[in-house]
Chemist: 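First, the structure itself, so that you have it in front of you.
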Amino acid sequence: MHIDDLNPAMQRIISTATGIPLERVILADQGRAPPGGLDVYATYLIVPVKAVGGVRRERKESDGPIEDVNPEIEPWTDWEEAVISSVQINLSCNFFNRGANDAGLSLMNADRRSDVYALLNQYGIGWRDVSEARNLTNIMNAGVQQRYQADVSMWIDVSTTYGVLRAHGWQIRVLDEDNRQLAEAENGLLS
């Protein structure tokens with residue numbers, strides 16, 4: 001997963017939570033002109049913060065060997081292992097023009113709304129909390145253009161996949177004292 005993969009989801013979440021039309025919710029720092037007019041618009045930036053909690057591992061057969069194999073040995077496959085961890089991200093939102101303060105306020109309980117909650121579930125995003133809606137009007141724009149800023153703390157699951165070489169042709173059997181088989185593992189598969 002790349003951070004840019006989250007942009008459509010974040011754009012929809014901000015639009016739904018604030019009521020700002022989707023086309024007026026734009027990715028920050030693109031060097032492009034803001035939407036025209038005096039109606040409220042939003043910019044957002046996704047900032048990765050840290051990995052949190054433990055990891056999950058998922059393993060599956062790969063499409064083929066990771067390395068070249070001796071053709072005299074029967075063909076086998078290696079594994080692809082995915083390490084999945086939760087990553088905390090901040091969604092930094094800036095609101096501009098008339099209604100910027102209301103847009104900042106609307107984020108405060110947005111995760112409790114059923115339409116926003118449905119989007120969070122659809123995209124596999126967890127909502128932690130929202131910072132205060134900071135009034136940047138006088139600081140940034142000398143009081144000319146309304147501007148508010150808020151950060152939404154969220155988490156997502158991030159997966160990293162890599163190849164794992166598998167030993168070929170090994171077998172383990174667990175027997176009891178009467179030589180009865182209790183378990184068997186062959187090529188990494190327990191039976």
Side-chain angles (χ1 to χ4, degrees), residues 1-32 34-35 40-63 66 78-97 99-137 139-140 146-164 188:
M1 170 181 279
H2 300 283
I3 282 292
D4 291 343
D5 297 340
L6 295 170
N7 286 330
M10 296 305 176
Q11 185 183 27
R12 284 189 65 200
I13 289 167
I14 294 167
S15 176
T16 303
T18 62
I20 298 173
L22 195 61
E23 66 275 3
R24 295 185 69 81
V25 177
I26 58 174
L27 181 63
D29 299 334
Q30 295 186 78
R32 70 180 223 197
V40 66
Y41 71 92
T43 64
Y44 68 94
L45 186 64
I46 304 165
V47 181
V49 177
K50 63 184 174 182
V52 293
V55 298
R56 293 188 327 270
R57 296 182 194 285
E58 294 177 359
R59 193 179 273 181
K60 66 177 186 174
E61 298 280 333
S62 67
D63 293 333
I66 295 172
D78 292 315
W79 289 307
E80 284 184 6
E81 185 169 79
V83 175
I84 303 155
S85 64
S86 292
V87 173
Q88 181 183 339
I89 59 173
N90 277 345
L91 178 62
S92 181
C93 302
N94 285 277
F95 304 103
F96 301 87
N97 290 346
N101 54 348
D102 292 329
L105 177 64
S106 67
L107 286 179
M108 298 302 160
N109 286 312
D111 62 317
R112 292 170 173 89
R113 292 177 40 175
S114 58
D115 52 353
V116 174
Y117 184 76
L119 287 172
L120 294 169
N121 281 331
Q122 176 184 342
Y123 293 113
I125 298 171
W127 184 291
R128 183 172 175 210
D129 59 21
V130 180
S131 70
E132 73 276 10
R134 295 176 281 279
N135 182 351
L136 304 179
T137 303
I139 298 170
M140 304 297 288
Q146 244 191 47
R147 180 174 178 181
Y148 280 74
Q149 194 274 334
D151 294 319
V152 182
S153 179
M154 303 173 142
W155 69 90
I156 56 171
D157 281 347
V158 175
S159 176
T160 304
T161 303
Y162 56 93
V164 177

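Here the structure is a predicted model, which means the values were calculated and not measured. FYI, side chains are in, hydrogens and waters are out, and symmetry mates aren't considered; it's all heavy atoms of this structure.
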Chemist: For Ser15 and Arg12, indicate whether the former's side chain and the latter's backbone hold a donor-acceptor pair under 3.5 Å.
Modeler: no
Chemist: Roughly how far apart are Arg128 CZ and Leu91 CG, rounded to 0.5 Å?
Modeler: 15.0 Å
Chemist: Got a second to check how far Ile14's CD1 is from Ile26's CD1, nearest 0.5 Å?
Modeler: 11.0 Å
Chemist: In Å, rounded to the nearest 0.5 Å, how long is the span from CD of Glu81 to OH of Tyr162?
Modeler: 3.5 Å
Chemist: Specify the closest pair of heavy atoms between Met10 and Ile46, including all atoms of both residues, with the distance to one decimal.
Modeler: CG-CD1, 3.6 Å
Chemist: How close do Tyr148 and Thr137 get, heavy atom to heavy atom, and via which atoms?
Modeler: CE1-OG1, 4.2 Å
Chemist: Would Gln11 and Leu22 count as a side-chain contact (heavy atoms from CB on, under 4.5 Å) if you check the C-alpha gap in whole Å, the side-chain angles of each, and the deciding distance to 0.1 Å?
Modeler: CA-CA 7 Å; Gln11 185 183 27; Leu22 195 61; 3.5 Å; yes
Chemist: Taking all non-hydrogen atoms of both residues into account, name the closest pair between Leu105 and Ala133 and its distance.
Modeler: N-CB, 4.5 Å
Chemist: Just by modelled atom types, is the Ala82 backbone N or O under 3.5 Å from a matching donor or acceptor in the Glu58 side chain?
Modeler: no
Chemist: Is a side-chain N or O of Arg113 found less than 3.5 angstrom from the main chain of Thr16, in a donor-acceptor match?
Modeler: yes
Chemist: Quick one: side chain to side chain donor-acceptor pair (under 3.5 Å) pairs with a partner in residues 84-97, sequence neighbours left out?
Modeler: Ser86-Asp157, Gln88-Ser153, Ser92-Gln149, Ser92-Asp151, Asn94-Arg147, Asn97-Gln145
Chemist: How long is the span from the CD1 atom in Ile13 to the CE atom in Met154, to the nearest 0.5 Å?
Modeler: 4.5 Å
Chemist: State the NZ-CD distance between Lys60 and Glu80, to the nearest 0.5 angstrom.
Modeler: 5.0 Å
Chemist: Does anything in residues 40-50 pair up under side chain to side chain donor-acceptor pair (under 3.5 Å), and if so which pairs, sequence neighbours excluded?
Modeler: none
Chemist: Who passes side chain to side chain contact (heavy atoms under 4.5 Å, CB included) against Ala17, sequence neighbours left out?
Modeler: Leu107, Ala110, Val116
Chemist: Specify the closest pair of heavy atoms between Ala100 and Phe95, including all atoms of both residues, with the distance to one decimal.
Modeler: CB-O, 3.4 Å
Chemist: Nearest 0.5 Å, please: how far is CE in Met108 from CG in Asp129?
Modeler: 10.0 Å
